Amino acid sequence: MRTTPDDAVQPIPLTGTGGIDRCAGHRLDEAWLGAAWSHPSTRVFVVSGGQALIEETGDGRTELVTMPSFDAPLTEAHRYFLGADADGVRYFALQKDALPGRMDDAARPAGLREAAALLSERDNELLVHAVALENWQRLHRFCSRCGERTVIAAAGHIRRCPACGAEHYPRTDPAVIMLVVDEEDRALLGRQMHWPKGRFSTLAGFVEPGESIEQAVIREVAEEAGIVVDEVEYIASQPWPFPSSLMLGFVAHAAWSEPRVDGEEIEEARWFSREDLRAAMESGEVLAPSGVSIAARLVARWYGKPLLSAPW
Ligand SMILES: [Zn+2]
């Protein structure tokens with residue numbers, strides 16, 4: 001047996017279809033955007049420093065805190081148009097230096113790592129879009145051609161240079177993340193120097209210029225663990241805007257051999273059978289990956305059931 005049926009584990013967070021049509025064709029239409037903003041059904045939320053307000057609804061759900069546009073603090077905010085849902089409700093995010101205060105205390109700020117485990121697919125789709133735009137805007141204020149300060153256009157989806165006319169588009173950095181398995185279906189897990197003691201997870205790395213994603217998987221596994229991969233199977237992707245990654249998840253197959261770690265990024269790599277991993281997690285020797293990352297899902301998919309994880 002090699003891989004495990006997908007229904008053995010939960011779906012990958014931030015990859016669901018939340019039903020939002022991004023309406024990209026309207027981003028340059030200021031009249032349309034103005035009418036969309038003014039419509040009474042339009043909903044707005046503030047994003048600041050990668051966080052937004054969320055609140056529990058009382059029936060066990062958690063929602064993104066939104067407001068009608070006439071209540072929205074537009075002053076000195078950047079406005080991102082995110083799209084419309086199936087009912088025609090349009091959504092905007094306002095990027096501000098701080099989240100708005102609220103009279104009641106039901107709402108609280110949350111970053112995407114926390115919120116993604118709590119919110120509906122629709123709210124996650126809106127929040128990950130807004131956070132990705134905010135991170136890109138924050139890090140790309142100046143023209144990479146001439147150095148002039150750029151201005152926001154296309155409802156947050158372009159930065160335009162007034163000096164040389166260049167248009168800059170949101171940047172996404174592809175990264176590969178892979179669970180390596182051997183012929184006996186053992187999994188190779190590694191630990192990075194700066195991780196908490198005992199934490200092991202999948203290997204990962206950025207795709208380099210001029211490289212295919214399959215080549216990146218093979219190179220990263222060789223560099224980090226000294227293992228030769230001969231078969232690369234794509235599983236799923238996950239947006240990971242910290243600040244701008246797209247995680248491309250793989251299972252990579254390799255003949256068993258002793259790992260030789262690089263000693264810089266990865267300090268230890270070990271092969272685990274499922275029984276090895278179960279025993280190591282139960283004894284507390286190994287902390288499996290957790291949270292909403294695709295790494296946790298890749299390992300759980302191989303393991304066949306949810307992992308015993310530390311709550312970080
Ligand atoms: Zn320029």
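Each ligand, and each atom within it, is numbered from 1 in the order the structure gives. FYI, the numbering just counts along the sequence from 1. Worth saying up front: this structure is predicted, and the values here are computed from it rather than measured.
For the pair Q137 (side chain) and G156 (backbone), a donor-acceptor distance under 3.5 Å is present.
Take the Zn ion (ligand 1) and draw a sphere of radius 2.8 Å; the protein N/O/S atoms inside it number 4.
Ring pair F250/Y234 is perpendicular by interplanar angle, where above 60° counts as perpendicular and below 30° as parallel.
Side chains of D262 and E223 form no contact here, defined as non-hydrogen atoms less than 4.5 Å apart.
Heavy-atom minimum distance, A72 versus L94: CB-CD1, 3.8 Å.
Taking the ring centroids of F81 and W32, they lie under the 6.0 Å cut-off.
Considering CG of L179 and CG of L298, their distance stands at 6.5 Å, rounded to 0.5 Å.
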